[in-house]
Amino acid sequence: PEAAAATGDDGVDRAPAPVCEFGVAAVDSVRSVVTLGEFADDVLRSRMHTLLCTFRPAEILLEGGASKDLLSMIRATCPAARLEYVNAEETIPRSTAVEMSDRKEIERPSP
């Protein structure tokens, strides 16, 4: 889809309409700071591009369904960043620390 800037009633060009949303977690291990955010972005991924240029991440974790456009932008903007893919669902191995008979009483159903 092509992005067209909307023009307001006053004739002033507005920013392109948002077409996608991103959830972001930035971890600065040196300063012990975790920053969480969520934002809507336009078809050009302008905000994501600004974020990547500002932070210059060393590692990027992506959910499996990342678009080709996003991957291309990440590779062009942060060529040295390590890309890792994560599962959308929790995948933790079952513990053997609890007896199976007791597990049934304490285990919660998975979503």
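- Side-chain heavy atoms closer than 4.5 Å link hydrophobic residues (I, L, V, M, F, W, Y) into clusters, and following such links, possibly through other members, connects L52 to F39.
- Not one N or O on the side chain of D41 forms a donor-acceptor pair closer than 3.5 Å with the backbone of E21.
- A distance of 8.0 Å separates SG in C20 from CE in M48, rounded to the nearest 0.5 Å.
- Using modelled atom types, no side-chain atom of D28 and backbone atom of V34 make a donor-acceptor pair closer than 3.5 Å.
- Distance check, rounded to the nearest 0.5 Å: OG1 of T35 to CZ of F55 gives 6.0 Å.
- At a threshold of 4.5 Å between side-chain heavy atoms, the hydrophobic network of Ile, Leu, Val, Met, Phe, Trp and Tyr places L36 and V27 in one connected group.
- Considering NE2 of H49 and OG1 of T54, their distance stands at 9.5 Å, rounded to 0.5 Å.
- In the hydrophobic clustering of this structure, V24 groups with L83; members are Ile, Leu, Val, Met, Phe, Trp, Tyr whose side-chain heavy atoms approach within less than 4.5 Å, directly or through other members.
- A side-chain donor-acceptor contact under 3.5 Å links R47 to the backbone of A40.
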In residues 62-80, what donor-acceptor pairs under 3.5 Å come from side-chain atoms, sequence neighbours left out?
{"residue": "S67", "atom": "OG", "partner": "L70", "partner atom": "N", "Å": "3.1"}
{"residue": "T77", "atom": "OG1", "partner": "M73", "partner atom": "O", "Å": "2.8"}

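- The neighbour count for R56 CZ, taken as heavy atoms of other residues, nucleotides or ligands under 6.0 Å away, is above 12.
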